[in-house]
Amino acid sequence: MIDPNSIRENPEAYRTATKQKRANFDVDSFLSLDSDYKSLKQEFESKKASQNKVSKLMPTLSKEEQAKLKDEMKALSAEIKEIESKLKEIEAQREAMLLRAPGIPLKEVPEGKDDSENKEVEKWGDIPEYLGKDHVELGLALGLIDIERGVKVGGSKNYFLKGDGARLHHAVLQYALSFLYGRGYTVMEPPHIVSYDAMKGTSYFPGGEEQAYSLDSRDPDKYLIGTSEVSVCSYHMNEILDELPKRYAGYSPCYRREAGTYGKDTHGLYRIHQFYKVEQVVVCENDPDISMRFHNELLNNAKDFIQSLNLPYRVVIVCTGDMGLGQVYKHDIECWMPSRNSYGETHSCSTFYDFQARRLNMRYKNKEGKLEFCHTLNNTLIASPRILIPLLENNQNKDGTIAIPKALQPFMGGQEVIK
RNA sequence: GGAGAGAUGGCCGAGUGGUCGAAGGCGCUUGAUUCGAAAUCAAGUAUACCGGUAACGGUAUCGAGGGUUCGAAUCCCUCUCUCUCCGCCA
């Protein structure tokens with residue numbers, strides 16, 4: 001959520017951001033509604049003030065005087081009620097608009113229409129010779145992945161992992177949790193089913209309803225999370241935090257409807273309805289420098305982690321048109337996926353400033369003792385099974401076996417090879 | 001799923017129609033006392049928004065929403081959540 005004052009003070013910046021992000025927001029209709037809202041509210045408050053004044057006087061008066069006043073006050077009361085209902089209506093409209101107002105991208109963010117205009121800023125690792133088998137073939141041959149049966153049981157975009165495939169999947173997740181624990185992050189096992197408020201607070205709703213599974217028939221207002229960011233950020237909803245920063249490692253399954261993606265990335269484990277993710281979440285002070293520091297920390301954690309798995313990757317800075325509504329600064333990390341003959345997105349590192357914290361009503365006392373909204377950030381540490389694509393494909397051997405990266409071996413009982 | 005009890009400030013807890021943003025206590029802050037501390041005493045101690053340079057004034061907020069009333073923390077309705085008992089259950 002955007003501070004309405006900030007829109008009043010700097011409408012042009014919001015016009016630009018709205019265009020850049022193709023947000024469903026109109027600065028000028030907001031401003032006009034906002035001014036209606038303000039004047040109506042003032043009218044309401046002054047009428048209410050005179051009513052309160054009389055109410056306080058009432059018990060000191062005689063019966064006759066009271067009766068006389070009551071008749072007068074009846075009219076005022078009716079008037080106030082009418083204004084109040086109008087005010088409520090306009091307030092709701094204003095709130096709905098405000099929820100769709102975009103965060104303004106930092107000056108570092110390149111201008112661009114979509115992901116094709118993201119800019120590569122870093123490249124790491126040598127791309128190995130591709131031996132020709134993709135993860136689906138490898139998975140089938142070694143009994144690691146069974147997509148056909150996944151579809152039989154759960155419909156399209158479903159899968160089974162089995163045997164060493166399932167073990168590798170758990171190993172990489174377990175390793176990720178240990179890794180973040182070692183860097184001072186608090187491991188969180190959060191709710192997978194959340195309320196509308198949590199979805200709204202993290203800015204998935206309104207707007208992202210199509211992408212979320214809803215349990216609506218028997219449990220209205222309950223949704224499956226698409227990332228533990230939703231639960232973990234909402235952990236401090238409506239709270240005043242007395243200790244910052246907070247570093248969390250959220251671990252959860254992620255459920256995504258992937259509506260509108262039919263025919264896109266149909267092959268293998270790239271785009272699926274259910275996966276697991278270890279997510280980094282930071283809540284920190286309301287300060288651009290501090291946010292930037294944490295953005296780099298989160299990005300570095302992810303880079304260090306992939307490097308320890310020895311997966312070639314590149315980092316791109318995400319352009320204006322490919323950013324989410326609330327994000328002001330964002331990098332993606334893409335790992336090399338031989339079967340796609342390209343880098344594929346595996347990580348997404350976002351800085352929100354106070355966009356989510358305002359929606360979540362998550363505050364802290366700053367040095368002057370004043371309450372301020374926190375800043376929030378998040379980044380993937382690892383998402384699996386998508387990460388199995390580069391993991392299997394880049395590590396395949398000529399004899400059809402797969403080398404397990406050194407860092408994962410302890411989490412596979414010391415096993416070095418999948419065969 | 002059935003039956004009952006409850007939700008008040010940072011915390012505990014009083015408050016069944018008016019002068020209640022809310023007693024009292026705890027906690028916290030400041031001052032007095034003390035060599036210092038404890039104890040004691042005194043004062044202060046919610047948030048948001050609007051107006052004002054400020055002092056200050058106004059409005060809202062007692063789980064959420066609606067209703068009754070000139071006036072609601074207090075009465076009525078709906079919902080959410082918590083607790084206890086019963087049933088079911090990994």
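Throughout, a chain's letter reflects where its sequence line sits, starting with A, and its residues are numbered from 1. What you see below is based on every heavy atom in this structure, not just the backbone, and it leaves out hydrogens, waters and symmetry mates.
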* Pick the P atom in B/G9 and in B/G63, then give their distance to the nearest Å. => 7 Å
* Structure fact -> Residue set satisfying ring pair (Phe, Tyr, Trp, His ring centres under 6.0 Å) with A/Y343, at least two apart, ordered chain then number -> A/W336
* Asked: Have A/T202 and A/Q356 got a donor and an acceptor in their side chains that come within less than 3.5 Å?
  -> no
* Asked: According to the Watson-Crick and G-U wobble definitions, with both distances under 3.5 Å, which nucleotide is paired to B/C41?
  -> B/G31
* Closest listed nucleotide, where the reference is the side chain of A/K48 and the choices are B/U68, B/A60, B/G18 -> B/A60
* Now, which nucleotide makes the Watson-Crick or G-U wobble pair with B/A73, with each of the two distances under 3.5 Å? -> none
* **Opposite nucleotide pairing with B/G51, Watson-Crick or G-U, both atom distances under 3.5 Å** => B/C56
* To do: Using only heavy-atom distances, determine whether the side chains of A/D332 and A/S348 contain a donor-acceptor pair under 3.5 Å.
  => yes
* Which pairs pass side chain to side chain donor-acceptor pair (under 3.5 Å) with one or both residues in residues 57-79 of chain A, sequence neighbours excluded? -> A/K47-A/E79, A/S62-A/E65
* Pairing nucleotide - B/U61, Watson-Crick or G-U, each distance under 3.5 Å -> B/A46
* **Distance below 4.0 Å between A/S77 side-chain N/O and B/G71 OP1 or OP2** => yes
* To do: State which of B/G21, B/G71, B/G18 makes the closest approach to the side chain of A/P59.
  => B/G18
* Distance between the P atoms of B/G21 and B/C62, in whole angstroms? -> 12 Å
* To do: Identify whether any heavy atom of A/E72 sits under 4.0 Å from a base atom; if not, whether one sits that close to sugar-phosphate; answer base, sugar-phosphate or nothing.
  => nothing
* Using purine N1 to pyrimidine N3 plus N6-O4 or O6-N4 for Watson-Crick, or N1-O2 and O6-N3 for G-U wobble, each under 3.5 Å, what pairs with B/U80? -> B/A7
* Asked: Which nucleotide, in any strand shown, forms a Watson-Crick or G-U wobble pair with B/U16, with both distances under 3.5 Å?
  -> none
* Do we see a donor-acceptor contact under 3.5 Å between the side chains of A/R247 and A/Q280? -> no
* **Nearest-Å distance for atom pair NZ/C1', residues A/K200 and B/A64** => 13 Å
* Counting any heavy atom closer than 4.0 Å, what does A/L57 reach on the DNA or RNA strands: base, sugar-phosphate only, or nothing? -> nothing
* Taking only the side-chain heavy atoms of A/F44 (C-beta and beyond), determine which of B/U19, B/G71, B/U59 contains the nearest atom. => B/U59
* To do: Write down the distance separating the P atoms in B/G25 and B/U45, rounded off to the nearest Å.
  => 15 Å
* To do: Taking only the side-chain heavy atoms of A/E45 (C-beta and beyond), determine which of B/G58, B/A60, B/U47 contains the nearest atom.
  => B/G58
* To do: Counting Watson-Crick and G-U wobble pairs only, both distances under 3.5 Å, name the nucleotide matched with B/G1, or none.
  => B/C86
* **Qualifying residue, where the test is side-chain hydrogen bond (donor to acceptor under 3.5 Å, both in side chains) with A/T351 and the options are A/K330, A/H295, A/Q327, A/H375** => A/H295
* Can you tell which of B/C50, B/G58, B/G66 lies closest to the side chain of A/K88? -> B/G66
* Nearest to side-chain heavy atoms of A/K56, which nucleotide of B/U19, B/U59, B/C70 -> B/U19
* Choosing from B/C50, B/U59, B/G71, which nucleotide comes nearest the side chain of A/N52? -> B/U59
